[in-house]
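Worksheet: one structure, shown below.
All values below were derived from every heavy atom in this structure, side-chain atoms included, with hydrogens, water molecules and symmetry-related copies excluded. Convention: sequence-line order gives letters A, B, ...; per-chain numbering from 1. The model shown is predicted, which means the values in this text are computed figures rather than measured ones.
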Amino acid sequence: DAGVIQSPRHEVTEMGQEVTLRCKPISGHDYLFWYRQTMMRGLELLIYFNNNVPIDDSGMPEDRFSAKMPNASFSTLKIQPSEPRDSAVYFCASSLSYRSPRNTIYFGEGSWLTVV
Amino acid sequence: AQKITQTQPGMFVQEKEAVTLDCTYDTSDQSYGLFWYKQPSSGEMIFLIYQGSYDEQNATEGRYSLNFQKARKSANLVISASQLGDSAMYFCAMRGHVQKLVFGTGTRLLVSP
C-alpha cells in the first residue's frame with residue numbers, strides 16, 4: 001500500500017511568496033495531521049482533521065498559515081506571505097482513530113521548506 | 001494535558017550491544033497508546049513500535065522491544081544487537097482521547113563500530 005505522499009519534497013522560495021504544501025493520506029484513514037519540525041521547537045502539531053473537518057488548529061502560528069482538506073484524499077497547507085522563520089520541515093501524517101486497534105500515525109517523507 | 005519526557009539528549013552504544021532509550025509520560029487518560037519513531041539523517045519519520053495502555057504484554061518488533069511500566073508511567077525502548085544503521089534520532093510519543101500525537105524532545109543514538 002502507498003504511504004502518505006507529500007509534495008514538494010524540497011522548496012526554496014523568497015520571502016513574501018506564497019507556499020503550498022500538499023498531502024495525500026493513506027487510503028481509508030480518517031485523521032490527517034500537519035506537523036512542523038525545527039531545531040529550536042522540535043515537532044509541533046499545526047492542525048489536524050477528522051473526516052475532512054478541522055478539529056484543532058491551535059498550533060497554527062498565525063493568520064499567514066491556512067490548511068484545507070477538500071476531500072478524504074487531499075490536503076494542503078498554505079503559507080502566505082512566507083517569512084524566513086517559516087523555514088522548517090513540514091510533515092503530513094494520517095491514521096485511523098486512536099480507538100482503532102490499528103491506530104498508528106504514519107508520516108510522509110516531509111516537505112523541506114527554505115524561505116530566503 | 002499529555003506530556004512526554006525524554007531525558008537523554010544523546011546516547012552512545014557499540015555495535016552488537018543492547019541499548020535502552022528512556023521515556024516517561026504523563027496523562028490523565030485511562031486509554032492511550034505509546035509509540036516510538038526513528039528519524040534517520042535523511043529526515044523521514046519511521047514508525048517502530050506501539051504499546052497500548054491496556055496491553056498486558058510488552059510490545060516487540062524484531063530487535064525492538066518496549067519496556068512498559070504503567071505504574072511508573074515509563075515506556076522505554078530497548079534495541080538489541082545494535083547496528084550502525086540504528087544511528088538516528090528516536091522519538092517517544094503518545095496518543096490519547098485528544099487524538100493528536102504528542103512527542104518528546106528525542107534522543108540521538110550513535111552506534112559505533
Side-chain angles (χ1 to χ4, degrees), chain A residues 1 3-6 8-10 23 26 29-51 53-60 67 87-114, chain B residues 1-10 23 25 27-57 59 61 64 66 75 77 88-108:
Chain A
D1 288 341
V4 177
I5 299 172
Q6 291 187 246
R9 288 295 316 280
H10 299 272
C23 175
I26 293 172
H29 283 183
D30 53 353
Y31 281 84
L32 184 139
F33 306 83
W34 283 99
Y35 281 85
R36 177 172 69 174
Q37 186 179 31
T38 61
M39 289 294 293
M40 291 296 293
R41 300 173 70 91
L43 280 154
E44 304 174 276
L45 176 69
L46 299 177
I47 186 171
Y48 77 91
F49 296 83
N50 177 219
N51 291 323
V53 175
I55 302 300
D56 182 356
D57 65 354
S58 59
M60 295 285 264
S87 298
V89 183
Y90 291 82
F91 287 102
C92 178
S94 73
S95 77
L96 297 172
S97 168
Y98 98 102
R99 295 188 185 280
S100 166
R102 296 176 293 115
N103 62 10
T104 297
I105 297 181
Y106 293 97
F107 284 75
E109 293 184 311
S111 292
W112 297 63
L113 174 65
T114 302
Chain B
Q2 297 177 329
K3 186 177 180 181
I4 295 284
T5 302
Q6 294 180 256
T7 57
Q8 305 157 313
C23 173
Y25 62 91
T27 182
S28 56
D29 286 350
Q30 295 299 309
S31 175
Y32 50 88
L34 295 156
F35 302 80
W36 278 90
Y37 289 84
K38 172 184 179 181
Q39 187 175 40
S41 57
S42 51
E44 67 268 34
M45 293 288 286
I46 302 168
F47 165 71
L48 293 178
I49 194 167
Y50 165 81
Q51 179 84 42
S53 58
Y54 290 117
D55 293 343
E56 294 186 353
Q57 291 192 327
E61 289 286 349
Y64 305 108
L66 201 153
L77 177 70
M89 280 289 285
Y90 289 81
F91 291 96
C92 180
M94 85 179 301
R95 187 183 190 192
H97 80 283
V98 294
Q99 300 289 351
K100 64 184 181 182
L101 203 57
V102 176
F103 284 91
T105 51
T107 296
R108 183 171 298 280

4.5 Å side-chain heavy-atom contact, B:Y37 and A:L43: no

Indicate the atoms forming the closest heavy-atom contact of B:L101 with A:Y35, along with that distance. O-OH, 2.6 Å

I want to check something: taking the side chain as every heavy atom from C-beta on, are A:F107 and B:Q39 in contact at a cut-off of under 4.5 Å? no

Kindly determine whether B:F91 and A:Q37 satisfy side-chain contact (heavy atoms from CB on, under 4.5 Å), including the steps that lead there. CA-CA 12 Å; B:F91 291 96; A:Q37 186 179 31; 3.7 Å; yes

Which region of A:D56, side chain (C-beta onward) or backbone (N, CA, C, O), has a non-hydrogen atom less than 4.5 Å from a non-hydrogen atom of chain B, or is it both or neither? side chain

What's the separation between atom CZ in B:F47 and atom OG1 in A:T104, rounded to the nearest 0.5 Å? 3.5 Å

How about A:Y31 and B:R95: do any of their side-chain heavy atoms sit closer than 4.5 Å? yes

Counting only N and O atoms by type, is there a donor-acceptor contact under 3.5 Å from the side chain of A:Y48 to the main-chain atoms of B:Q99? no

Highest number of heavy-atom pairs under 4.5 Å with chain B: which of A:G108, A:G110, A:S95, A:G42? A:S95

With a 4.5 angstrom heavy-atom cut-off, could you sort out which part of A:E44 is near chain B: side chain, backbone, both or neither? neither

Given a strict heavy-atom distance threshold of 4.5 Å, which part of B:T105 is in contact with chain A: side chain, backbone, both, or neither? neither

Where on A:I105 is there a heavy atom nearer than 4.5 Å to chain B: the side chain, the backbone, both, or neither? both

Would you mind checking which part of A:L32 comes under 4.5 Å of any heavy atom in chain B, side chain (CB onward), backbone (N, CA, C, O), both or neither? neither

Can you name the closest pair of heavy atoms from A:F33 and B:K100 and give their distance? CE2-CA, 3.7 Å

Rounded to the nearest 0.5 Å, how far apart are CZ of A:F91 and CD of B:E44? 8.0 Å

